[in-house]
Amino acid sequence: MTNRERRQPKRRAACWLAVGLALLVLCGGMAAFLASAGGSASSVVPNPRGQPDETLAAAGEGAGSSAGADEEPDAVDWEYWRSANPDIIGWVSVDGTAIDYAVAQAPDDDPTHYLDHDAYRSWNPYGCPYVDAACDGFEGACTVVFGHNMGFGATTVFADFARYSDEAFARSHPTITLATLQGVVELEVSAADVVDGSSALKRTDFSSPEEMRAWYEQRFSECDVQIANNDKASQLFVFVTCSYTTYANERTLVYAQPSES
């Protein structure tokens, strides 16, 4: 055996050791990032009354304890939120899930701002659920609301919307509550669909409610989960989050319609 042949196993071992150390450093860095991100997120988890949840917990109070005697316990303190961040225009919640978040309006000049900024406008990888910049708040025929799927830690954002691809889950969580500056709207889940994120399925501009209904009738027929399509509804809401089941770049879309329509 030549000296070169004798050295090759040692070189291979050294190479794998270097790779292993690099992976350990990378994993450690990722863990540190996630820990710091999780801490950052948990420190700014908002509640409708305008106080971080852990502030209330430390005081031994419930989330709605600061509400007045004539106010709903979970009523949104719009005076607080409009002063804290004028972009906050709604609050979305779903009973029996972790979905309970402020909703911002994405600015026209920075449509993806809230992908990495929270409800307090601070940088945060958890972001803040937001209405698509092409939408006029919640007033249009079709409102699209985006939120991250953070399936780890205490702050999961819109992760539970990804579970609507399971029809049993969708049927057992049929109502989405949306509080706005104008009042509270109860939305009934209509359908859910898992799609390739590169699919051109987003549409927010319609000339009339009739055009929106015709478009949604086709969309409804293509959905993986079909609950009920109210063909007289004048508005449609789409809640969008990432999911990780079929496509490399995947989204789950949850369609909902106002229950009073």
Side-chain angles (χ1 to χ4, degrees), residues 29-48 52-53 81-82 84-94 97-138 140 142-165 176 178-180 192-205 237-256:
M30 290 179 66
F33 169 77
L34 292 177
S36 64
S40 174
S42 64
S43 68
V44 294
V45 172
N47 71 66
D53 283 338
W81 280 108
R82 296 298 285 175
N85 182 359
D87 287 343
I88 300 300
I89 61 169
W91 197 283
V92 62
S93 58
V94 180
T97 76
I99 298 168
D100 188 22
Y101 289 94
V103 178
Q105 170 68 62
D108 291 333
D109 59 350
D110 190 4
T112 61
H113 178 79
Y114 285 103
L115 281 177
D116 54 15
H117 287 78
D118 59 34
Y120 303 97
R121 300 174 122 177
S122 299
W123 183 87
N124 193 315
Y126 286 68
C128 175
Y130 65 94
V131 173
D132 190 280
C135 298
D136 181 17
F138 303 113
C142 183
T143 299
V144 180
V145 185
F146 297 94
H148 281 305
N149 178 352
M150 295 297 200
F152 50 83
T155 306
T156 58
V157 196
F158 272 10
D160 280 328
F161 274 130
R163 301 174 68 187
Y164 277 82
S165 59
I176 300 169
L178 179 64
T180 74
D193 201 17
V194 177
V195 303
D196 188 324
S198 61
S199 302
L201 293 174
K202 186 186 80 171
R203 185 171 176 187
T204 59
D205 186 26
F237 293 80
V238 191
F239 296 89
V240 184
T241 195
C242 293
S243 48
Y244 311 96
T245 60
T246 304
Y247 306 99
N249 179 29
E250 183 179 279
R251 303 290 183 274
T252 295
L253 314 179
V254 178
Y255 294 93

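All values below come from the heavy atoms of this structure, side chains included, with hydrogens, waters and symmetry mates left out.
The backbone N or O of D87 sits nowhere less than 3.5 Å from a side-chain atom of Q105 that would complete a donor-acceptor pair. For the pair R163 (side chain) and S165 (backbone), a donor-acceptor distance under 3.5 Å is absent. Judged purely by atom type and a 3.5 angstrom limit, D118 uses its side chain to pair as donor or acceptor with the backbone of S122. The main-chain N or O of T245 is found under 3.5 Å from a side-chain atom of E250 such that the two form a donor-acceptor pair. Listed for the T241 side chain is no donor-acceptor partner under 3.5 Å among the backbone atoms of A159. Proximity of a side-chain donor or acceptor of Y101 to a complementary backbone N or O of V157 within less than 3.5 Å is detected.
Contact of the C128 side chain with the H113 side chain is not registered, since no non-hydrogen atoms from C-beta on lie closer than 4.5 Å. Here the side chains of F239 and V103 are not in contact, with every heavy-atom distance at 4.5 Å or above. Within the 4.5 Å cutoff, side-chain heavy atoms of V131 are placed close to those of I89. Counting only heavy atoms from C-beta outward, the side chains of P107 and Y114 approach each other to under 4.5 Å.
In this structure D116 satisfies the side chain to side chain contact (heavy atoms under 4.5 Å, CB included) test together with W123, sequence neighbours excluded. Partners of H148 by side-chain hydrogen bond (donor to acceptor under 3.5 Å, both in side chains), not counting sequence neighbours: none found. By the ring pair (Phe, Tyr, Trp, His ring centres under 6.0 Å) test, F237 is found to be paired with no residue, residues two or more places apart in sequence or in another chain being considered.
The minimum heavy-atom distance linking N149 with C242 is given by the pair ND2-O, 2.8 Å. Here the closest non-hydrogen pair linking F138 and G90 is CE1-CA, 3.9 Å. Closest non-hydrogen pair, C142 versus C135, comes out as O-SG, 3.7 Å. Across all non-hydrogen atoms, the minimal contact from D108 to A133 is OD1-O, 3.2 Å. Listed here is the closest heavy atom pair of F158 and V240: CD2-O, 3.8 Å. Heavy-atom minimum distance, A119 versus N85: O-ND2, 3.0 Å.
Note: N249 CG to Y244 OH = 10.0 Å, rounded to the nearest 0.5 Å. Rounded to the nearest 0.5 angstrom, D100 CG and D160 CG are separated by 11.5 Å. In this structure, OG1 in T112 is found 11.0 Å from CG in D132, a value given to the nearest 0.5 Å.
Counted within 6.0 Å of CG on D196, heavy atoms from surrounding residues, nucleotides or ligands total more than 12; the atom is thus considered enclosed.
Just one of I176, L253, T252 meets the side chain to side chain contact (heavy atoms under 4.5 Å, CB included) condition when paired with F161; it is I176.
Ring geometry for Y120 against W81 counts as tilted: the plane angle lies between 30° and 60°, on a 0 to 90° scale.
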